[in-house]
Amino acid sequence: MIDTRAIRYRGQDTPDGFLFELSGGALPLEFANTISERSKGGRERLPDYGALIRWTTQAGMLTEQQVAKLEAASSENPGEAGRAHQEAIDLRELIFESAKAAAGRSPLAERVVGRWNAWLERVQSSRRLAAGHQGLEWQDTSDFETLDSISLAVARASIELFVDGDKRARTRICAAADCDWVFLDNSRRMNRIWCDMTVCGNRAKATRHYRRKTGK
Ligand SMILES: [Zn+2]
């Protein structure tokens with residue numbers, strides 16, 4: 001089995017499908033990075049529901065059984081799968097907008113907050129309480145049986161990330177001008193500036209070197 005944590009260079013195409021780079025440090029931010037070069041129209045890595053299942057599997061959220069169930073549900077119901085895919089893409093852009101605001105320490109627009117509240121309602125209604133060892137506990141294990149369950153799980157993780165002051169303060173957008181990948185800076189000195197040293201860090205280093213040599 002391939003260790004997807006070791007995939008760099010913005011992922012790679014293989015005969016078995018795309019391998020995603022998971023370097024965002026938090027699930028919602030990794031989800032936001034399933035598109036590159038947004039400002040130039042974007043290189044979409046989630047073209048359909050099947051790709052969404054593939055990302056979720058590589059992110060370690062789905063068992064083989066759950067994958068099989070979701071694949072069956074999406075081929076039985078292509079219309080619903082299409083809607084669930086579009087909803088996931090809309091959620092991804094909401095995450096990106098919120099991460100960008102967190103990274104820039106800027107306030108969120110009311111419209112954005114409203115959309116998170118709509119997600120919160122759906123997330124809450126999908127949660128159940130169970131009898132734990134010492135009393136009531138949240139029973140959060142999603143069975144991933146419905147086509148919208150991937151988005152619900154990502155939305156829940158996103159809400160937890162964005163309400164956490166420490167994590168919000170560690171949310172960054174890559175320092176490269178034409179890169180909009182986002183990540184959680186888990187470094188002790190909180191000084192990580194590149195989404196990926198092998199891509200944007202090296203490119204910046206090469207540009208500096210070129211400028212030094214040519215004086216441009
Ligand atoms: Zn970058």
Side-chain angles (χ1 to χ4, degrees), residues 2-14 17-47 51-52 54-61 88-109 112 116 150-151 154-155 157-162 164-214 216:
I2 297 162
D3 176 12
T4 48
R5 303 271 152 189
I7 300 289
R8 287 289 176 263
Y9 302 103
R10 300 209 188 293
Q12 70 193 58
D13 270 312
T14 76
F18 190 72
L19 289 177
F20 295 89
E21 173 176 342
L22 301 170
S23 57
L27 184 92
L29 305 182
E30 278 162 2
F31 192 58
N33 295 345
T34 53
I35 186 169
S36 313
E37 301 170 23
R38 264 187 191 81
S39 55
K40 293 185 211 156
R43 285 167 68 88
E44 181 58 79
R45 299 304 188 185
L46 294 179
L52 181 63
R54 211 159 40 243
W55 176 82
T56 314
T57 309
Q58 287 177 28
M61 293 162 74
I89 297 295
D90 292 346
L91 172 63
R92 181 185 71 189
E93 296 313 303
L94 180 65
I95 294 170
F96 174 69
E97 200 175 340
S98 308
K100 198 173 158 183
R105 308 273 189 276
S106 34
L108 285 178
V112 172
W116 280 122
I150 295 176
S151 286
V154 174
S158 306
I159 291 168
E160 281 169 4
L161 172 77
F162 291 128
D164 182 323
D166 177 54
K167 292 198 171 132
R168 214 167 44 229
R170 288 175 181 272
T171 299
R172 310 258 184 278
I173 188 159
C174 179
D178 56 352
C179 176
D180 53 20
W181 272 28
V182 286
F183 59 90
L184 204 63
D185 179 3
N186 286 320
S187 67
R188 206 156 44 90
R189 294 168 62 197
M190 289 179 72
N191 58 356
R192 177 177 162 192
I193 60 169
W194 309 114
C195 67
D196 183 343
M197 195 60 209
T198 63
V199 182
C200 293
N202 281 343
R203 213 170 43 172
K205 213 156 59 175
T207 309
R208 275 199 307 273
H209 181 72
Y210 175 80
R211 285 200 181 129
R212 248 198 325 268
K213 283 193 87 168
T214 59
K216 280 180 191 166

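Both counts, for ligands and for their atoms, begin at 1 and track the order of listing. Quick note: residue numbers are just sequence positions, from 1.
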Whether Trp55 and Phe20 hold their rings parallel, tilted or perpendicular, with breakpoints at 30° and 60°
perpendicular
Do you know which two heavy atoms are closest between Met190 and Ala169, and how far apart they sit?
CE-O, 3.8 Å
Looking at residues at least two apart in the chain, or sitting in another chain, which of them share a ring pair (Phe, Tyr, Trp, His ring centres under 6.0 Å) with Phe162?
Trp116
Could you tell me whether Glu44 and Arg92 make a salt bridge, using a distance below 4.0 angstrom between a side-chain N and a carboxylate O?
yes
Does the side chain of Glu160 reach to within under 4.5 Å of the side chain of Pro28, using non-hydrogen atoms?
no
Less than 4.5 Å apart, any side-chain heavy atom of Ser23 and any of Met197?
no
At a cut-off of 2.8 Å, protein N/O/S around the Zn ion (ligand 1) gives Cys174 SG, Cys179 SG, Cys195 SG, Cys200 SG
